[in-house]
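Data first, discussion second: the structure below is written as structure tokens.
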Protein chains: 2
Amino acid sequence: MEVTTLTDVTESATSKGEQTRELILSTALRLFRQQGYGKTTMRAIATEAGVSVGNAYYYYSSKEHLMQAYYDHLQDQHREAVESILAAEKSFVPRMTGVLRAWLEVSAPYHEFAGTFFKTAAEPKSPLSPFSEQSRPAREASVEIFRRVIDGSDLKLPADLKAELPELLWLMQMGIVLFWVHDDSADLRRTKALIDRSVPLVDRLLRLTRIPGVRGVVNDIVGLIRSIKR
Amino acid sequence: MEVTTLTDVTESATSKGEQTRELILSTALRLFRQQGYGKTTMRAIATEAGVSVGNAYYYYSSKEHLMQAYYDHLQDQHREAVESILAAEKSFVPRMTGVLRAWLEVSAPYHEFAGTFFKTAAEPKSPLSPFSEQSRPAREASVEIFRRVIDGSDLKLPADLKAELPELLWLMQMGIVLFWVHDDSADLRRTKALIDRSVPLVDRLLRLTRIPGVRGVVNDIVGLIRSIKR
DNA sequence: TCCGCTACTTGAACATGTTCAAAAGTCGGT
DNA sequence: ACCGACTTTTGAACATGTTCAAGTAGCGGA
């Protein structure tokens, strides 16, 4: 259970401003972890980082933007962690399970204040919403992971379903994240159980698409998804 | 497209305190609608209602609690609106579609600031979360509606699935709400399309459970749901 | 060296949700 | 009418996210 150290965040800092920027971010993340998001004040972050409040706002236009930066950092870690899994595993279930569990691991240190973070998930106007235009790059990078999960696996799927599936798996991850946020079981037992049991289920569901009676429904589902994407 | 009037909220006000309570609530809801949640200050609510700020807090311990009260009010309206539909329709699709559309109608006047409201959906600690202990009564009342949707319909289902289905339909509604919050299409065209197309799909999926190859997966799904509920 | 431009930094001021000690009102009992 | 207990009301004070006008530092060019 490796925990991200502060210096992990500070990488390739070059100019003067960049150093201050990273210093503020790493200080903020440390305080978030230590005392939670709500109890960490901007004044505390600034003081602890040895800068003025206004200076913190010069680099991060709001407290939520510090979260956004953290989120990006998290995703980078996840992308990295996923590589070895995708290289090693060849069938769908372990690939998907591994990817989800990897997310769980990199996010674990932040579980306590994650609620405050994902609070914004439902707020359409916030740039932090996973559905927003601003988070499109991060979202697409995330969807790309699931595309690789499928492409590198042994699944045989109808073309149209295969095209939509990465986004659906991403959506599934969003659901699991929502569950995780509410999960207060010891060692995240319940979330782990959810992952370990739901992925094989998805696998079975996907293989069901070969049954003739099912095919029609699948087509309709794909059609529905396509129609509401615009 | 009937819009809730302020006096709809104020009903059966009796004692002195109750009157003030309702006055504050109705004023708050009016301002929320007129200027949005974020731009409505507690001072504005108090001033407009002709009371002091502290007095508003005497009745509602936070701004969010004013939302909670609104939410309860909304649910009451929904329950009422649903009666005629459940009395008239006898098959699943129109029953379910009607219930969802009724929700859309009573909620329509608040669509603009709904984002701020459902923001709390993902925050585990907030009593406003639909999954929280505090909102259990409201949630159960809502689930009950879906139980009636099923019980009064022509659906023939395996007993164990039938037992879990009301909660699943409630979850489906949560998903639709999330979609609705992000829907900025004219006249909520896209959300309406989502309802009208997804309900028949659910209907078809449910009838698929008769196919032998599907039965096993359904059992597993039901098992998974049951196991993660604890 | 000095000028001017940009990047950076500051901290006081502001906006707003929330708290709280004190005041005012209400009401039943004597 | 007065007392005491409880409910209701008040507004100033507080906490904290955010803004902004002003100041400082660094740096390339004359």
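Quantities reported herein were computed from a predicted structural model and do not represent experimental measurements. Protein chains get the first letters and strands the later ones, always in sequence-line order, with residue 1 at the start of each. The basis for the numbers below is simple: all heavy atoms, side chains too, and nothing from hydrogens, waters or symmetry mates.
- Here the side chain of A/S185 pairs a donor or acceptor atom with the backbone of A/R190 at under 3.5 angstrom.
- Remark: A/R43 pairs with no residue by the salt bridge (Lys or Arg N to Asp or Glu O under 4.0 Å) rule, at least two apart or across chains.
- What separates OH of B/Y60 from C1' of D/dT9 is a distance of 16 Å, to the nearest Å.
- Considering only residues two or more places apart in sequence or on other chains, B/R197 meets the salt bridge (Lys or Arg N to Asp or Glu O under 4.0 Å) condition with none of them.
- For A/R147, the side-chain hydrogen bond (donor to acceptor under 3.5 Å, both in side chains) criterion is met by A/E144, not counting sequence neighbours.
- In the helix from C/dT1-D/dA30 to C/dT30-D/dA1, the end axes, each obtained as the rotation axis mapping the C1' atoms of four pairs onto the next four within a five-pair block, lie 20° apart to the nearest 10 degrees.
- Ion pairing between B/D76 and B/R79 holds under the 4.0 Å rule for side-chain N and carboxylate O.
- Between B/E105 and B/K192 no salt bridge is recorded (no basic side-chain N to carboxylate O distance below 4.0 Å).
- For A/R101, the salt bridge (Lys or Arg N to Asp or Glu O under 4.0 Å) criterion is met by A/D196, not counting sequence neighbours.
- In this structure, B/R21 places its CZ atom 11 Å from P of D/dT9, rounding to the nearest Å.
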Seminar exercise, completed: The contact string for nucleotides 11-19 of chain C, one letter per nucleotide 5' to 3', using protein heavy atoms under 4.0 Å with B, S and - for base, sugar-phosphate only and none, comes out as B-B--BBBB
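- An OP1 or OP2 oxygen of C/dC8 is reached within less than 4.0 angstrom by a side-chain nitrogen or oxygen of A/Y58.
- Using modelled atom types, no side-chain atom of A/S142 and backbone atom of A/A138 make a donor-acceptor pair closer than 3.5 Å.
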